[in-house]
Amino acid sequence: MAVSTCARVFRSFECRSEPDFSGAPKIGGAGRKPSHARFTGRLNSDSGTASFRGGLSSLIFRFPPNFVRQLSTKSRRNCSNIGVAQIVAASWSNNPASPSAAAAAAAAASAPAATEPSVDPTTGDGVALVEQGVDRNVNEGVNIDLEGLPTSRPSIFSSDRSLTIHAGERSGRGIVTDAITTPVVNASAYFFNNSAQLIDCKEKRHASFEYGRYGNPTTVVAEEKIRHVFDSCCLVGAESTVIMASGMCASTVMFMALVPAGGHIVTTTDCYRKTRIFIETILPRMGITATVIDPADVGALETALNKNKVSLFFTESPTNPFLRCVDIKLVSELCHSKGALVCIDGTFATPLNQKALALGADLVLHSATKYLGGHNDVLAGCISGSMKLVSEVRNLHHVMGGALNPNAAYLIIRGMKTLHLRVEQQNSTALGMAKILEAHPKVKHVYYPGLPSHPEHDLAKRQMTGFGGVVSFEVDGDLQTTIKFVDSLKIPYIAPSFGGCESIVDQPAIMSYWDLPQSERLKYGIMDNLVRFSFGVEDFEDLKADILQALGTI
């Protein structure tokens with residue numbers, strides 16, 4: 001990221017404090033230096049680190065006037081307002097040896113120290129370090145070294161396992177702190193020192209989130225961590241990620257942002273019911289129509305593309321609850337040939353089991369509530385893809401207001417650090433139990449892409465590295481028999497959702513479709529004896545024994 005080189009460019013600067021409007025007497029008594037000279041910053045030419053002496057609370061690098069030319073879009077979002085320090089800085093490029101950076105370094109080295117940091121009004125080269133609210137009796141004489149910010153994607157983190165832990169933090173956290181974990185910034189608004197700075201912000205010369213709905217430092221870390229994981233091993237990767245208050249918030253905003261009035265959507269029969277309701281009842285009010293096809297019916301997709309001016313093909317893969325799989329590479333080629341976008345909801349797959357962007361999709365959507373959070377304690381949704389498309393979604397998101405609470409963002413960051421461990425365990429447990437269930441005499445049918453009996457098994461093997469932790473199956477019995485089986489289980493919770501550490505079981509006919517009569521449920525393939533089982537990270541043998549004993553009761 002562009003912010004990584006600035007501290008190395010400016011060799012000497014003096015800092016002044018924010019004005020004190022409290023009217024309180026100054027702490028420290030006579031003999032203290034004036035507030036405009038509380039500390040100085042020097043760059044150690046040998047180590048390349050900046051050392052700050054004196055009291056320290058919150059340090060901010062202010063942007064030079066023409067920073068917009070120097071700072072990437074991603075870096076502009078890395079504004080902070082937190083704890084030990086926050087740094088928002090700019091340089092000409094990501095290359096620390098660029099001519100502009102070298103010229104700025106030479107100019108800074110030859111310039112005399114001053115109480116006001118110098119800024120070249122023509123190039124915008126310059127930086128100011130502003131102290132906020134320092135208690136002079138605290139940390140007196142402490143030397144703090146702020147090394148150059150880490151780059152956004154060090155080559156050392158080449159695997160998903162490492163990226164889920166370090167991406168967005170050790171490899172590019174905008175919040176500068178020596179805490180291992182990312183701090184939570186509970187801020188609903190961000191202040192400006194004066195009206196001139198506010199105008200600079202409005203005219204893109206100064207970066208600020210301005211208001212909590214437009215961004216948050218903790219949320220940015222969550223977005224960057226997710227983006228890096230989706231970007232892994234992908235030639236045309238996730239340039240940007242936007243995270244919102246829920247998966248449904250992400251999907252509905254995406255539809256409204258990318259499908260114009262009068263546009264047409266192609267989607268699939270098997271999908272999350274609330275998504276279907278939005279497509280069938282809300283989008284028509286905007287003049288947006290839809291064609292619904294079987295997930296594997298490529299011919300129906302071609303017909304829809306030829307018959308309609310399709311704006312977007314949207315599907316889950318695997319789907320909910322029958323875990324059908326879509327040939328992402330093929331449908332992307334077909335849709336792109338007709339100018340249509342492709343968005344894949346990969347929630348069931350997780351970004352570790354399936355790289356939808358690498359297969360040709362334009363966007364990938366996830367309910368981060370599920371595997372990404374992974375602990376059944378947070379609601380969130382995210383969309384990753386190109387900067388252009390995600391920016392369109394983000395702009396509408398800022399209007400709609402479904403902002404993620406920073407405490408929830410922290411839970412996503414924390415949850416993702418064990419994502420690879422959980423998913424590997426859940427993949428293994430689900431595949432083992434799917435095989436056992438398929439062989440059991442009291443189970444009529446099992447839906448799991450890891451089984452050869454699944455209609456898209458060969459496709460799943462090509463485009464997935466694991467088959468997920470959810471298994472759907474039909475018990476040999478009616479509604480009441482299936483209720484007896486579910487109620488006899490001891491380990492899983494009867495609840496909606498999936499992807500957490502705890503196993504969860506639900507009977508879709510009751511949990512999601514109870515408001516519909518049986519005849520209507522059957523139109524969607526929802527049988528009374530259908531069970532969806534989300535395997536957690538409990539011991540395989542414990543889960544196996546529990547399921548077998550419950551089947552033994554019917």
Side-chain angles (χ1 to χ4, degrees), residues 160 226-227 229-239 241 247 250-251 254-255 258-259 265-272 275 279 290-305 310-367 370-372 381-386 389-390 393 423 427 447-450 454-468 470:
D160 286 337
I226 293 169
R227 181 185 71 81
V229 175
F230 284 118
D231 195 43
S232 177
C233 305
C234 186
L235 295 178
V236 183
E239 296 176 344
T241 291
S251 60
M254 183 272 298
F255 284 132
L258 299 181
V259 182
I265 293 174
V266 178
T267 190
T268 52
T269 51
D270 191 31
C271 69
Y272 179 52
T275 306
I279 291 173
T291 297
V292 182
I293 64 173
D294 183 89
D297 195 343
V298 176
L301 174 60
E302 290 180 303
T303 300
L305 289 169
V310 178
S311 304
L312 175 72
F313 173 69
F314 173 80
T315 185
E316 301 162 7
S317 187
T319 60
N320 180 21
F322 295 110
L323 304 165
R324 300 290 302 278
C325 296
V326 175
D327 190 331
I328 300 172
K329 184 176 185 295
L330 178 58
V331 300
S332 296
E333 291 172 352
L334 292 173
C335 290
H336 293 161
S337 68
K338 296 292 185 177
L341 298 173
V342 174
C343 179
I344 301 296
D345 183 335
T347 302
F348 273 82
T350 80
L352 304 187
N353 286 334
Q354 178 176 275
K355 302 289 187 184
L357 295 175
L359 292 167
D362 300 290
L363 294 168
V364 59
L365 182 148
H366 276 252
S367 171
K370 312 304 192 293
Y371 289 102
L372 299 188
C382 60
I383 297 174
S384 299
S386 70
L389 292 177
V390 174
V393 177
V423 168
N427 285 344
Y447 304 91
Y448 188 69
H454 190 277
E456 287 87 45
H457 175 63
D458 291 337
L459 170 63
K461 286 195 301 182
R462 291 200 308 270
Q463 68 183 24
M464 300 179 72
T465 56
F467 304 110
V470 176

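For the numbers below, each heavy atom of this structure counts, side chains included, while hydrogens, waters and symmetry mates do not. Heads up: numbering here begins at 1 and tracks the sequence.
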Counting N and O atoms only, with roles assigned by atom type, does the side chain of Asp362 sit under 3.5 Å from a partner on the main chain of Val342, one being a donor and the other an acceptor? yes
Where the side chain of Tyr448 meets the backbone of Gly468, is there a donor-acceptor pair that is under 3.5 Å apart? yes
Approximate separation, where rounding is to 0.5 Å, of Gln463 CD and Asn353 CG: 11.5 Å
Check for a donor-acceptor pair, side chain of Ser337 on one end and backbone N or O of Leu334 on the other, with a separation under 3.5 Å. yes
Identify the two heavy atoms, one from His454 and one from Tyr447, that lie closest to each other, and give their separation to 0.1 Å. CD2-C, 4.4 Å
Return the set of residues passing side-chain hydrogen bond (donor to acceptor under 3.5 Å, both in side chains) with Thr291 (not counting sequence neighbours), or none when no residue passes. His264
Can you confirm whether Ser332 sits close enough to Leu359 that some side-chain heavy atom of one is under 4.5 Å from a side-chain heavy atom of the other? no
Test your reading of the model: is there a side-chain donor-acceptor pair from Ser367 to the backbone of Thr347, 3.5 Å cut-off? no
Would you say His366's side chain and Ile226's backbone share a donor-acceptor pair under 3.5 angstrom? no
So, do Ile265 and Ser311 sit near enough that their side-chain heavy atoms are less than 4.5 Å apart? no
Residues forming a side chain to side chain contact (heavy atoms under 4.5 Å, CB included) with Val331, sequence neighbours excluded: Leu301, Phe313, Val326
Ignoring hydrogens, what is the shortest heavy-atom contact between Ala296 and Glu456? Give both atom names and the distance. CB-OE2, 3.5 Å
I'd like to check the side-chain hydrogen bond (donor to acceptor under 3.5 Å, both in side chains) partners of Ser251; sequence neighbours left out, ordered by chain and number. none
Would a 4.5 Å heavy-atom cut-off, applied to side chains only, mark Thr275 and Phe314 as touching? yes
With a 4.5 Å limit on heavy-atom distance, are the side chains of Arg324 and Pro455 in contact? yes
Would you confirm whether Ser317, through its side chain, and Asp327, through its main-chain N or O, come within 3.5 Å as a donor-acceptor pair? no
Please check: side-chain N/O of Asn427 versus main-chain N/O of Gly466, any donor-acceptor pairing under 3.5 Å? no
Checking the side chain of Thr315 only, and the main-chain atoms of Thr268 only, is there a donor and an acceptor separated by less than 3.5 Å? no
For residues Leu365 and Gly247, report the shortest heavy-atom separation together with the two atoms involved. CD2-O, 4.4 Å
Sub-4.5 Å side-chain heavy-atom contact between Phe255 and Ile279: yes
Sub-3.5 Å donor-acceptor pair from the side chain of Thr241 to the main-chain atoms of Ser384, do we have one? no
From Thr350 OG1 over to Met464 CE, what is the distance, rounded to the nearest 0.5 angstrom? 7.5 Å
